[in-house]
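Sequence lines set the chain letters: A, B, ... in the order given, protein chains first and strands last, and positions in each chain run from 1. Being a predicted model, the structure only gives us computed values, none of them experimental.
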Amino acid sequence: MKGLLNDICANPGKFVANKMSTKPYKIIVGLEIHVHLATRTKMFCGCELAYGEAANTRTCPVCLGMPGTLPVMNKTAVEYAILTALALNCEIPSFTKWDRKSYYYPDLPKNYQISQYDLPLSRAGSIEIPLEEGGTKRIRITRAHLEEDAGKNVHTLGPFSAVDLNRAGTPLLEIVTEPDMNSPGEVRALAQELQRIVRFLGVSEGDMQKGHMRFEPNVNLHIEHGGQVFKTPITEVKNLNSFRALERSIAYEAARQYEEFLETGQTLQMGNKKTFGWDDVHEMTVLQREKEEAHDYRYFPDPDLVPVEVGPEWLEEIRGRMCELPLAMQNRLVSACGLSEYDAGVLTGERATAEFFDAAVKLGADPKRACNLLTQVGLKLANEAGTPVDQLKITPDHLAKLAGMIEAGTISATAANTLFERIAKNGGDPEASAKEMNLIQSSDSGEIEALVDAVIAEQAQAVQDVVQETKKAKKARGFLMGQVIQKSGGQANPKIVAQILSQKLDAMK
Amino acid sequence: MMDSLTARELRDRIAGGEVTSAEATEAYFRRIDKLEPTIGAYLSLFREAALERAGQIDRKIARGEPVGALAGVPVAIKDNLCTAFGATTCGSKILEHFQAPYHAHVVEKLLAADAVILGKTNLDEFAMGSSTENSGLQQTRNPRDVGRVPGGSSGGSAAATAARMCAAALGSDTGGSIRQPAGFCGVVGLKPTYGRVSRYGLVAYGSSLDQIGPVTRTVEDTALLLQVIAGADERDSTSVPEKMAPVPDYTASLDRPVEGLRIGVVPHLNAGADAAVQQAVDAALAVYTAQGARLVELEMPHFDYAISAYYVIATAEASSNLARYDGVHYGYRSPEAQDYVEVYSKSRDEGFGAEVKRRIMLGTYALSSGYYDAYYLKALKVRNLIRGDFTRAFEQADCLMLPVSPTTAFRMGEKTDDPLQMYLADVYTIGVNLAGVPGISIPCGFDETNLPIGLQIVSAPFTEETLLRIARMYEKQTDWHRKEPTL
C-alpha cells in the first residue's frame, strides 16, 4: 500500500479513471430519498398533516403511541406511493406488508417505526435524468417503500430537550437508488427530476427547505491504478437542505475522500462506512459517526396491520391517474413545438405551468411567443404571488389571444408583456385592455412614413452614419428606429417602421 | 341475595323494575367491602361514579326509556383495558398513574349496553403470567382457597366473579389468561376467535394472540357479554368485518343442544394432567355421550410444540409492544436519570417487574439479526402447523374437549421461582391462541381438596354460537357452576 501511495504522489496523472473526467477517480453515488406524501391525514391515524403548527397540536393517541392504540392504514398514501413507483418504472408486487423497525429515540413514540422491510410495495425501477451536456441517463431505482415519519427533538428551549410529535406519522416514501450517479451534477439532476415528478403527480409538495424531500447520498470513489480499482470507504451525507448543498456535498466529499485515500490508503471494507453531516455555513462535510454502528433493527411483521394485496383492478385504477411525466413532456415541447431544451425545461418545472402552456398552444398560440410570455412574465408574477400560474387571473385563452395579437402585429411584444401582467392581476379581455391602455400598434404606412421623414430630418448625424456606413452605422440605425417609435408614442409597428426606414436610408446612399 | 343472581337474571329484574341498579351496585360494593381485603381482586374501584351511573340507568328505566343488554349490571374489567376515567395500570409500576384519554372499544360497548363498571381488576403485569403473582401492584387470592393463586393473568376478574364481587367481568387471553383463571376459580371464561372482538384500547402484550373475552358465572352470561363486545371496529385492522363473519344472536339459540355432536379428544394430551383433572374431564365427556354425543379420537401432532412457539412469538411481539414504556412520553420516569439513555434504561429497570423483563429479553433475542430465522421464523412455521392440526381436527369433530390446565390452583409462591413450571400451567390453552380459534372454560368438578376443575371446549373460527351451545348442554346437566366459594 505504501508503494502505491508513493506512486500516486509521484505520478498523479497516471490515475485517470474515465475519459469524461480529468480527475484520477470516478465518483460513485447512490441516493436514499425520503419524500413526504401530501395526503390529508397521517399514515396510520386521522390527524391532519400540517406544517408550522404549535408543537404537539396535530397529534392523537395513535400517533402519540399510547397504550392500546392501533394503527389503521391510510389507503390514499399507499395509492400515492404506488403512483410514484409507477412513474419510476418500478415493479409493483401484488403483495406487500408492514414491518416494525425497532430503535429507541425520543422522537419515535412507540420506539419502533412502521416501515416495510423485505416485501416493499415496489422495486426494480428506473428514472431518466437530463444531463448538462444534453441527453439523458438512466439511473436504476432499487426500491420505494412507505413508512411513517418520526417527530422532532427540539433542543432550543432551555437546559432540556423537548419533543414535537406533529410530524410523527407523516407518510414517508423512501426511494433508494442504485449507485449509478457519477458526478455532483448528476446527483442534482436526479434530485430535481424527482422533485418535478412528485410535483407533477401531485403526491408531494417536494419542498426541500420544508423537509418534504430529504436526500442522503452514499458516496465513494473508484480509483484506478495499474489495472486495479481501489474503492474508498463509503460515506453517507446527512443534513442537506437544498439542491445546492446536495451538489456541493458530493464535490466536497469526492475531494476529501481522494485526499484521505492519498493519506491513509484506506479502502472500502465491511463496517467502515462513516456518516458525515453537511455544514451549510462552511460548505463542508463534518464527521458525525466514525463507524457505522452495528444497527439491529429487529424487523418483524407488524401484527397490528394486515398485509396489502395490490390486485390488478386497484393497480389499473391507480395507473389511470398517471399524467404525462415532466421529461416526456419536455421532450414533446422540444420536438412538437420547436422550443429550446431550456425553455421546455422551464415550462415543465411545474405541472400547472406546463398545462397552461399546452392549453394556450391548443387554442392556437404560437409556441415560442406563448412560452416567452409565460416564462418571462407569468412565472415572475406567480412567484411573487406564491401561487402556481393557473391561479392568476389570466387564462390560457388570454395567453393565446396575446400571442396572436403579437403575431398579427396588433401589439408589440413589450405591450403584450404589459397586458399579460395587467390581466394576470386584474383580469379582463386582451383586446379591450390593449385599446384601453392605448397599446394597439399603428401599421398605417402613410402615417409611419411621415414620422420617418421627420426623424430623418431631425437626426442628421445619425443619418449620416448610416448612409456613410461608418462604424456607428448599426447603432445609428437602431437609434433612428427608436426615435420613430418614440414619436409614435410606442404605437408604430416596429416591423413596418424598420421597412420604411430602410427604404428611405438606402435611397440616400 | 342480589349478588347470587346471574348477570342475566339481574339484568331482567333491573330492566323489569323489580330491583334497581343502585341497589344491585350497593349490594356488590358491600360484598367488595367485606371480601376485598382478603381477595385483593381490584386495583381500582369507582364507587361514586358507579352509583351515579346506576342511578341514571334506574331513572331511564323509570321513565320507560329503552335500556341496553346489560342494563344496570355491575361489572368489572381487567386493568389492561383503557378507560378515560381512573388509571389504566396493567398491574405495572411503569403505568401505575397512567390515565388513558380514551376508552377501549369494549369499554365503549359495555357503557353503550348500560353496564355499570365497578372497578378494574388485578392482573399479572402486562398480562404476563399464570397466577397474577406477577402483578407489580397487588396480590390476588383465590376465593376457593385464599392460600392459592387465582390463576392468571386475568386473576382479578376470575376471583372477583367467583367471589361475587361483580356480576361478570372482562378479561384478556393471550395464552390462556381468561380460561385458566376461570378454571382455577370455578367460573366460565371465553376466549373468542382472534378478530371477533376489537383490541382497540387493550394494552397489547402479544398482538397476534390477544383477545378480550367474558369471565362469568354461567355460559348464558358469557353469551350475553360476548353479544355486547363482539363485532368489527375500524380502529382495529385485525377485527374481522361483519360481512365476512356476521355476529349471530348468541343468546337466542343457547338452549338448543347440538344434534349429533362429535367431540374430538386427544388421548395423549389428557394423559399429562393430574388424575383428578383427567377423571373430571372423562366424567364430563360421559355427560355428553349420555346426551348422544360421539367421541372422535384425534391426533394433534404439533400440539406439544405450542409452548415453545408461544414463548417465542408472544415475547417477540411483547418486546416491541412494550418498547414504548420508556419514561419519555408518559408513565414512570426514573428520578435518577441523568441523560436520555438513562431515562430509558433506569425508567424501564425500575418500572418493569422481573417476568416482564425476562420476556422482553427473550423476545428481543428471538428477533435479533442472526437469530430471527432460527427462532421467530421457526416459531411462525410451528404456529402454522398447529393451526393445521386444529383445521384438520374440526373437519372430523365439531369441537375439541380437553382440560384447561394440568392442575388445579397451586399455592401462592409455589411456582414463582420456576418460570418454566409456571409456563406449563398453560400447556392446554396456548395452542388455541396460536390457532386463533375460540375456546371456553367451564366448571366440571372439584378435586379432593375442593378446588375447581375446568373443562376446555374449543371450536372452529367464528363458531362461538355452537361453542356456547355445547357448553350450555353440559351446564344444564350439572350443578358445578352453582357451587359458591365459602368465604
For [X], is it the side chain, the backbone, both or neither that has a heavy atom under 4.5 Å from a heavy atom of chain A?
X: B/Y205; value: neither
X: B/A366; value: neither
X: B/T364; value: both

For atom [atom1] of [X], decide whether the heavy atoms of other residues, nucleotides or ligands shown that lie under 6.0 angstrom number more than 12.
X: A/E309; atom1: CD; result: no
X: B/K378; atom1: NZ; result: no
X: B/E242; atom1: CD; result: yes
X: B/E234; atom1: CD; result: no
X: B/K357; atom1: NZ; result: yes
X: B/Y372; atom1: OH; result: yes

Heavy-atom pair count under 4.5 Å with chain B, highest-scoring of A/C45, A/P61, A/G68, A/G65: A/G68
Choice from A/L305, A/D304, A/V306 maximising heavy atom contacts with chain B below 4.5 Å: A/D304
Taking 4.5 Å as the heavy-atom cut-off, does anything in [range] contact chain A, and if so which residues?
range: residues 320-333 of chain B; result: B/S320, B/N321, B/A323, B/R324, B/Y325, B/D326, B/V328, B/H329, B/Y330
range: residues 334-352 of chain B; result: B/Y340, B/Y344, B/R348
range: residues 94-107 of chain B; result: B/L95, B/F98, B/P101, B/Y102

Part of A/Y105 lying under 4.5 Å from any heavy atom of chain B: both
Region of A/F300 that comes under 4.5 Å of a non-hydrogen atom in chain B: both
Top of B/S208, B/S198, B/S237 for chain A proximity - count of heavy-atom pairs under 4.5 angstrom: B/S237
Heavy-atom closest pair, residues A/R100 and B/E317: NH1-O, 4.1 Å
Closest heavy-atom pair and its distance - B/T238, A/P303: CG2-O, 3.5 Å
Validation row: A/P301, B/Y376 side chains within 4.5 angstrom (heavy atoms): yes
Atom pair CG/OH of A/D296 and B/Y371 - distance to nearest 0.5 Å: 10.5 Å
side-chain contact (heavy atoms from CB on, under 4.5 Å) assessment of A/R298 paired with B/S368: CA-CA 5 Å; A/R298 303 193 303 280; B/S368 296; 4.1 Å; yes
A/L70 vs B/R199, side-chain contact (heavy atoms from CB on, under 4.5 Å): CA-CA, chis, key distance, verdict: CA-CA 8 Å; A/L70 297 168; B/R199 294 182 294 117; 3.9 Å; yes
Contact listing (chain B partner; residues 162-174 of chain A; heavy atom under 4.5 Å): A/V163, A/L165
